[in-house]
Amino acid sequence: MARVFNFSAGPAALPEEVLKQAADEMLDWHGSGQSVMEMSHRGKDFIAIADACEADLRELMGIPANYKVLFLQGGASLQFEMIPINLLRGKASADYVHTGEWAKKAIKAAKKFGNVNVVASAEDKSFTYAPAQSTWKLDKDAAYVHYTANETIGGVEFQWTPETGEVPLVCDMSSSILSRVFDVSKFGLIYAGAQKNIGPAGLTIVIIREDLVGKGQPTPPAMMDYKTHVDAASMYNTPPTFGIYVAGLVFQWLKKNGGIAAMEQKNIEKANLLYNYLETTDFYHNPVNKADRSRMNVPFTLKDATLDEEFLKGAKARGMVQLKGHRSVGGMRASIYNAMPVEGVQALLAYMKEFAAQKG
Ligand SMILES: *Cc1c(COP(=O)(O)O)cnc(C)c1O
């Protein structure tokens, strides 16, 4: 069986080792005679899996003790609503930084629940850069400041963490969590859908500072109240058990491979392979400001868009799939999360050069 190099933005590639282990354990997890999918979420086997998953994530990210880790469902999209519902806390408004498609959705969702101040926007340059903090018009009385650490569609990533003083910093980290070192203590809340850089779709991770829990005004619906999930240790209702299990295997894989700092070095190396080449050619083009280029999602267009289909077909024939760009951007996008080996990026690079030499 030949596995492809999968450049999908999400659901995305998982480490082959993890998939093999999950396959090996599929019918009989550790002598229990059953699959993790079939276990009670309240039984001791699954509780041990969930506890190890959380402990490993805490260790990998250095999550301080005054933060809760939640394993939820509903994707990052549900967080777009849970955040204002829980964190506005009766305050007049929240600050949002507008950097592209995902920020736009977060802003739209928040507007249903309160006043949103867009304190910085990259719209003037078609969302091809991350606005410098010196340009942000922050409100010191804002309920929180929300930004998108990596715009998965536009390929724009903050290479720095904003400073927001006493105002809680809220981050959509869906496509860059675990890809680089973050200082969790700088954030009030971090959220991420699992399907980009953690595990299977259906699991959402929320990391929330304790003092922000249980502050929704009025009290949110139970399933949308962080306090419900904190009080029940993410087991208020049936959690996404298989997703938690696979995420736990990914965390063990990360630990075995040197943790996040080592992963970050690899991700820099992979991204540089593509960007360094993109700078030398006018056959392909990446529109993003150099300092803000995403290490995770590398969008590029071909000089001649009529060659797009042929490029994709040739890639597929060479075992490289899901390179088609997002419909709102066009062209191509190579998503190169943690699980993409450097060999996959090298194969793509070789193909891009070959294609350009033939058609250029
Ligand atoms: C994929 C993605 C989302 C949406 O995630 P869902 O889990 O599908 O709701 C939100 N934000 C970012 C940055 C993403 O990459």
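Atoms within a ligand are numbered from 1 in the order they appear, just like the ligands themselves.
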Q. Salt bridge check: are E157 and R293 linked by an N-O gap of less than 4.0 Å?
A. no

Q.
Quick test of your reading of the model: are K324 and E309 salt-bridged, counting only N-O distances below 4.0 Å?
A. yes

Q: Please determine if R58 and E54 form a salt bridge, counting it only when a charged side-chain N lies under 4.0 Å from a carboxylate O.
A: yes

Quiz: residues 203-211 side-chain donor-acceptor pairs under 3.5 angstrom, not counting sequence neighbours:
unit_1, atom_1, unit_2, atom_2, d
T204, OG1, G75, N, 2.9
R209, NE, D211, OD1, 2.7
R209, NH2, D211, OD2, 3.1

Q. Which parts of the protein, at residue level, reach under 4.0 Å of ligand 1 through a heavy atom?
A. G75, A76, S77, F80, W102, T148, N150, T152, D172, S174, S175, Q195, K196

Q. Can we say K359 and D304 salt-bridge, meaning some charged N sits less than 4.0 Å from an Asp/Glu carboxylate O?
A. no

(Q) Pair H285, K303 - check side-chain contact (heavy atoms from CB on, under 4.5 Å), show working. (A) CA-CA 7 Å; H285 177 66; K303 192 168 63 180; over 6 Å; no

